[in-house]
Amino acid sequence: MINSKDWLTCLRFEDKDGRFHGSSVAPLFEAAPFFFNSYEEYAEAARAEASHYVYWRGTNPTVRIVESMLAELEGGEDCRCFASGMAAIHAALMCCLTTGDHAVLVGHVYETSVHLIQYLNKFQISYTQVEGTSVEQVERAIRNQTRAILLESPTSLTFELVDLKAVAEMARSSGIRTIVDNSWATPIFQKPLSYGVDIVVHSVSKYLGGHNDLVGGAVIASSDIMERIFYEEYLLLGAAMGPFEAWLLIRGLRTLPLRMNAHHEAGMKVAEYLSGHPSVAAVHHPGLISHPQYDLGRRQLSGYGGLFSFVLKESSYEAVCKVINRLKRFRIGVSWGAMESQVISPNIGTNEQQLKEQGIPLSLIRLAVGHEPPNWLIEDLEQALQN
Ligand SMILES: *Cc1c(COP(=O)(O)O)cnc(C)c1O
């Protein structure tokens, strides 16, 4: 399930010419500016900042190490790491869009990404959000001014899939860029660039970091796109990842294949348990045969993350509170992708009308299955779901 090339990338950082004295662990360069021996040397670096160490808002050796690891894992030519997933998504969108352009958002993409595109409306950038389960739906939303399609597969609340290859082909033939947020699958289970997608973005705060101890983002694409992003969105907007976050991320990546395997196994067990429970109306997990796009998932993904959702039969905020408050093993909080299992619901008591409009069930509960023994989690759910 996990290919050996990915393992090699996760286990080794490049120590070109023994610069790091054979160190087993990547060095942490907590340095803002870099000094030069002559003015000519500095001038050469300043003329090509993308490939020289001048200042960490642009390049830093520790950050560069993790960028090359992520580029390799995603099968892209280059990567830049950002201060957050949102900064990465912002850079990717701004690289594709200008005043008057239109973007298509597919399905229930990450809510803050929707808010970001709404904010860009002040630059007359408009958008259409469509259900993404068929390519025709996406195609129908395209206008003359459409320049970017932003999607997640699966989405991280309702876990619908998008046929990445079909959407990428359709978009490319119309000169539209595709941006895929691959935070859920990680490159271990899905490599969107191999399906013809132009830009992959990540919140590395989730599985890639894997320990709830860092916030960061990444953009991976061709050298051409990445060079433009570097000199414009990266250097100008200034949301660079810091070296310590990069160092933590390198550490997280070393166990990524192991962790993803464990999330896959444990997530499947918990999802299967819930899908037979009398208090549960539905389980949204692309690995269940009952998932309407199960076959697409089998083709497109080589494994499943441990984040999925289920819907209670009793449909109210009170029912959501009751079940979540009874859970003892699952911690209540945003984000996901670390050691500890987490639980959350999009229903915060005052947004029921909004959820209805978005087609999100009022009693949807999202679980992030972590690394506790799955039977602990199942026992915990069993007691929480009792009437
Ligand atoms: C968390 C998340 C983001 C935003 O990432 P931050 O690192 O929190 O800025 C984007 N997309 C998805 C799918 C996420 O789960």
Side-chain angles (χ1 to χ4, degrees), residues 63 66 70 74 79-94 103 105-120 129 132 148-162 164 178-190 192 197 199-220 233-234 237-242 244-246 248-249 252-253 260 263 267 284-286 301 304-309 333-338 341-346 358 360 364 366-370:
V63 180
V66 82
L70 289 175
E74 285 287 5
C79 163
R80 292 286 168 182
C81 280
F82 291 78
S84 69
M86 283 316 299
I89 293 166
H90 180 211
L93 283 171
M94 290 314 276
L105 269 53
V106 183
H108 295 111
V109 290
Y110 186 65
E111 203 183 357
T112 316
S113 300
V114 181
H115 294 164
L116 170 62
I117 199 94
Q118 287 167 347
Y119 165 82
L120 295 178
Q129 195 167 2
I149 301 175
L150 175 67
L151 50 104
E152 287 164 32
S153 182
T155 54
S156 59
L157 265 188
T158 46
F159 301 88
E160 288 124 4
L161 306 180
V162 184
L164 296 181
T178 42
I179 305 167
V180 170
D181 182 333
N182 203 30
S183 306
W184 184 90
T186 81
I188 299 299
F189 291 153
Q190 176 169 273
V197 163
I199 302 176
V200 169
V201 292
H202 277 283
S203 167
V204 307
S205 326
K206 313 297 164 55
Y207 284 140
L208 297 185
H211 294 77
N212 272 347
D213 55 9
L214 80 102
V215 170
V219 177
I220 301 111
E233 290 76 20
Y234 198 76
L237 301 178
M241 175 179 276
F244 184 58
E245 279 70 22
L248 286 172
L249 181 55
L253 288 182
M260 291 315 293
H263 286 302
H284 301 300
H285 186 304
L301 290 154
Y304 307 103
L307 184 83
F308 66 94
S309 63
V334 297
S335 195
W336 46 271
S341 290
Q342 289 180 213
V343 59
I344 203 142
S345 168
Q358 293 170 347
I360 296 170
L364 184 138
R366 191 182 73 179
L367 297 179
V369 170

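One-based numbering, in listed order, for ligands and for the atoms of each. Computation of the quantities below employed the complete heavy-atom set of this structure, encompassing side-chain atoms and omitting hydrogens, waters and symmetry-equivalent molecules.
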Give one line per pair: atom of ligand 1, protein atom, distance. Only N/O to N/O under 3.5 Å.
| residue | atom | partner | partner atom | Å |
| --- | --- | --- | --- | --- |
| ligand 1 | 5 (O) | S203 | OG | 3.0 |
| ligand 1 | 7 (O) | G85 | N | 2.8 |
| ligand 1 | 7 (O) | S203 | OG | 2.9 |
| ligand 1 | 7 (O) | S205 | OG | 2.7 |
| ligand 1 | 9 (O) | G85 | N | 3.0 |
| ligand 1 | 9 (O) | M86 | N | 2.9 |
| ligand 1 | 11 (N) | D181 | OD2 | 2.6 |
| ligand 1 | 15 (O) | K206 | NZ | 2.6 |
| ligand 1 | 15 (O) | W336 | NE1 | 3.3 |

Let me check something: any side-chain donor-acceptor pairs from residues 150-157 under 3.5 Å, sequence neighbours excluded? List them with distances.
| residue | atom | partner | partner atom | Å |
| --- | --- | --- | --- | --- |
| E152 | OE2 | Y110 | N | 2.6 |
| S153 | OG | V162 | N | 3.0 |
| S153 | OG | V162 | O | 3.4 |
| S153 | OG | Q300 | NE2 | 3.4 |
| T155 | OG1 | T158 | OG1 | 3.3 |
| T155 | OG1 | F159 | N | 3.1 |
| T155 | OG1 | E160 | N | 3.2 |

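In this structure E245 satisfies the side chain to side chain donor-acceptor pair (under 3.5 Å) test with no other residue, sequence neighbours excluded. For the side chain to side chain donor-acceptor pair (under 3.5 Å) test, no residue two or more places apart in sequence or in another chain qualifies with S345.
Ring centroids of Y207 and W184 are separated by 6.0 Å or more, keeping the two rings apart.
For the pair L116 and T112, the minimum side-chain heavy-atom distance is 4.5 Å or more.
Side chain of S183 to backbone of S203: a donor-acceptor contact under 3.5 angstrom is found.
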